[in-house]
Amino acid sequence: MRKIPFSLLLLSLAGAPGSAAHAAPSRAFPEDARKTTMTFASAGTVLVDDEPASLSPGAQIRNTYNRIVLPSHIRGEYKVRVKFDKHGQIHRVWILTPEEAAIPDPKR
């Protein structure tokens, strides 16, 4: 029986660089999730299209890898999909990859 070098075994398990294993998964967004620009500022301040907005108590923010992140760990301006709750507060946010941001909104 032939021995396989350990480094070759690790490479085969991890996938080659640039393969689908390293790409962010494609995501399906709710139809009512609006594409917009969101700015995360200090002290939990959020701006949607340069207007102050509130996060709902159970708000979820997902990064480009679809992992939940805390608002306190995000700074700067991002292209996002955002979904509001029945009180007008931000309930769900998906930070978009450049590819997702380039996709036009569906016709309504």
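Sequence positions, counted from 1, serve as the residue numbers for this chain.
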* Hey, what do you get for CE (Met38) to CD1 (Ile61), rounding to the nearest 0.5 Å? -> 7.0 Å
* To do: Please report the closest heavy-atom contact between Val80 and Ile95, naming both atoms and the distance.
  => CG1-CA, 4.0 Å
* Rounded distance (nearest 0.5 Å) linking atom OG of Ser54 with atom NE2 of His87 -> 12.0 Å
* Which distance, rounded to the nearest 0.5 Å, do you find between the NZ of Lys83 and the NE2 of His91? -> 7.5 Å
* With sequence neighbours left out, what residues match Phe29 under ring-ring contact (aromatic ring centres under 6.0 Å, His included)? -> Trp94
* Roughly how far apart are Ile103 CD1 and Arg81 CZ, rounded to 0.5 Å? -> 8.0 Å
* Check: Gln89 and Pro57 side chains under 4.5 Å, non-hydrogen atoms -> yes
* Supply the atom-to-atom distance Thr39 OG1 to Ile74 CD1, rounded to the nearest 0.5 angstrom. => 12.0 Å
* To do: Drop me the distance from Arg92's CZ to Leu55's CG, to the nearest 0.5 angstrom.
  => 11.5 Å
* Taking Thr64 for its side chain and Leu96 for its backbone only, find out whether a donor-acceptor pair lies under 3.5 Å. => no
* Residue pairs involving residues 46-68 (criterion salt bridge (charged side-chain N to carboxylate O under 4.0 Å, His left out); sequence neighbours excluded) -> Arg34-Asp49
* Distance-only, no hydrogens or angles: does the Lys35 side chain make a donor-acceptor pair with backbone N or O of Ala101 under 3.5 Å? -> yes
* Structure fact -> Closest non-hydrogen atoms of Ala59 and Ile90, given as atom of the first, atom of the second and distance, are CB-O, 3.5 Å
* Pair Thr37-Tyr78, side-chain contact (heavy atoms from CB on, under 4.5 Å): steps then yes or no -> CA-CA 6 Å; Thr37 301; Tyr78 298 89; over 6 Å; no
* To do: With sequence neighbours excluded, tell me which residues meet side-chain contact (heavy atoms from CB on, under 4.5 Å) with Glu99.
  => Thr97
